[in-house]
Amino acid sequence: MGTPEFAVLPLRRICEAGYDVVGVYTQPDKEKGRGKKVIASDVKKAAEELGLPVYQPERLRDQEAVEVLRKLAPDIIVVAAYGQILSEEVLKIPKYGCINIHASLLPRHRGASPIETSIICGDEETGVTIMYMEKGLDTGDIISQDRILIGKHTTESLTRELSRMGAELVVKTLADFEAGNVTSTPQNDEESTHTHKLEKSMGQVDFGQPAEVIERLIRGLYPWPCAFTAIAGKSVKLLGSEVVDIYQSDETATESAEPGTVIEVTKTYFVVKCADRGLKITRLQPEGKKPMDTVAYLNGYKMKVGDKIG
């Protein structure tokens, strides 16, 4: 059971490992864009390519959908970013229960946006957790975990890495089930943190914050919904940045500049004053335009030191 790209590699690896996948559950196709084109999920596309039966109930908890699942008689259900809550009735169907591939080191970052939140919060590391599913949200016992340093990952690149790690870890965990070697550990609820569904408003940049905080926001909200600000009254998404030290120059007294002031402009980037240091903007997307390196943006928009943004 899964829907976005994060769940595709685990599905492929389970098939490659020789397991009999009796069904693939994913969210119903959705209309997208102005043309209302119907788009299938990444998992559905992969399942059809693999020749697997696909099920897309609007509500898995409806009795008709539950009976269809019961007839499939799965030994185990593997869930990865499915997008629907499994009822207690569904959780009891498989012999070995339902296990979830969660993209954090539980109990930290339970909930809807663990990857984005781990970057935005400034965590040094994150990882994947294979856990038993139960009635609570990401509260089940931990079966296995794997870790990775976050470094300068964006949500896009970190999602790919965690998907790969989750695929390998779930196959190993399934082998442990076969061998009867599965052990699990209860989560410490006192150490838990919770994440929330992403909203576009979260991306509005406040240059009165430290540059490092803004840089993490830009990485954490890429590729959606993206951090954004206003330049000359128009909304601009900020897609790439670096924290830089502020220094005195002949052009402006940068130390006394207010946050949101442009303190340096070159042919390839510009630097904005933040609460403490400067933020070099290296990639952005003006409203109605495609993403571009800042050099391309500056070719069309003449920015100068002292300009205010935000």
Side-chain angles (χ1 to χ4, degrees), residues 1-19 21 23-27 41-47 49-50 52 74-86 91 94 96-119 123-134 137-151 153-178 181-185 187 192-193 195 198 220 223-224:
M1 295 182 176
T3 298
E5 186 180 0
F6 175 79
V8 171
L9 266 182
L11 172 61
R12 292 189 183 278
R13 282 294 289 119
I14 289 169
C15 292
E16 289 169 4
Y19 292 102
V21 180
V24 175
Y25 277 69
T26 190
Q27 291 282 62
S41 74
D42 293 321
V43 165
K44 181 180 180 179
K45 293 172 186 174
E49 181 186 321
L50 293 164
L52 300 172
D75 290 318
I76 193 166
I77 292 175
V78 177
V79 180
Y82 176 36
Q84 291 199 42
I85 295 173
L86 274 58
L91 292 173
Y96 295 103
C98 302
I99 62 173
N100 183 41
I101 307 171
H102 185 78
S104 82
L105 296 172
L106 291 172
R108 187 164 176 78
H109 300 321
R110 294 172 177 173
S113 57
I115 301 177
E116 295 89 346
T117 304
S118 68
I119 296 173
D123 293 357
E124 288 189 5
E125 65 173 6
T126 187
V128 288
T129 301
I130 309 295
M131 52 166 285
Y132 281 112
M133 297 185 71
E134 58 178 31
L137 180 62
D138 300 327
T139 57
D141 289 0
I142 295 170
I143 300 170
S144 54
Q145 289 185 322
D146 199 1
R147 297 169 180 266
I148 183 176
L149 293 174
I150 293 177
H153 273 295
T154 64
T155 287
E156 181 178 60
S157 63
L158 188 55
T159 298
R160 286 196 297 266
E161 282 298 304
L162 294 178
S163 175
R164 178 188 60 76
M165 290 168 58
E168 298 303 321
L169 193 58
V170 77
V171 167
K172 180 180 180 299
T173 303
L174 291 175
D176 289 340
F177 269 104
E178 283 190 290
N181 292 333
V182 171
T183 59
S184 61
T185 306
Q187 294 187 42
S192 68
T193 63
T195 68
L198 297 180
W224 193 90

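In this text, all values refer to a predicted model and were calculated from it rather than measured experimentally.
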Set out, in order, the CA-CA distance, both residues' side-chain angles and the distance that settles side-chain contact (heavy atoms from CB on, under 4.5 Å) for L158 and I148, then state yes or no. CA-CA 9 Å; L158 188 55; I148 183 176; 4.3 Å; yes
Of all residues at least two apart in sequence or in a different chain, which pass the side chain to side chain donor-acceptor pair (under 3.5 Å) check with S163? none
Judged by atom type as modelled, is there a donor-acceptor pair below 3.5 Å linking the side chain of T155 to the main-chain atoms of G220? yes
With a 3.5 Å distance limit and no angle check, can you tell me whether S104 reaches the backbone of R108 through a side-chain donor-acceptor pair? yes
Is the closest side-chain heavy-atom distance between E49 and R12 below 4.5 Å? yes
Give a yes or no on whether the backbone of H109 and the side-chain of H102 come within a donor-acceptor separation of less than 3.5 Å. yes
Is there a side-chain contact (heavy atoms from CB on, under 4.5 Å) between F177 and I99? Walk through the geometry before answering. CA-CA 11 Å; F177 269 104; I99 62 173; 4.1 Å; yes
Short question: side chain of T26, backbone of G2 - any donor-acceptor pair under 3.5 Å? yes
Checking T129 side chain against L106 main chain: does a donor-acceptor pair fall under 3.5 Å? yes
Could you tell me whether Q145 atom CD has more than 12 heavy atoms of other residues or ligands within 6.0 Å of it? yes
Could you report the tightest heavy-atom contact between L137 and G111, atom names first, then the distance? CD2-CA, 4.0 Å
Could you tell me whether a side-chain N or O of T195 sits under 3.5 Å from a main-chain N or O of R110, the two making a donor and an acceptor? yes
Mind checking salt bridge (charged side-chain N to carboxylate O under 4.0 Å, His left out) for E124 and listing every partner two or more places apart, or none if nothing turns up? none
Straight-line distance of I130 CD1 to L169 CG, nearest 0.5 Å: 4.5 Å
Under 3.5 Å, is there a donor-acceptor pair between the side chain of T117 and the main chain of P114? no
For I85, does the CD1 atom have more than 12 heavy-atom neighbours from other residues, nucleotides or ligands under 6.0 Å away? no
Looking at OG1 of T126 and NE2 of H153, how far apart are the two atoms once the value is rounded to the nearest 0.5 Å? 10.5 Å
For E134, all residues meeting salt bridge (charged side-chain N to carboxylate O under 4.0 Å, His left out), sequence neighbours excluded: none
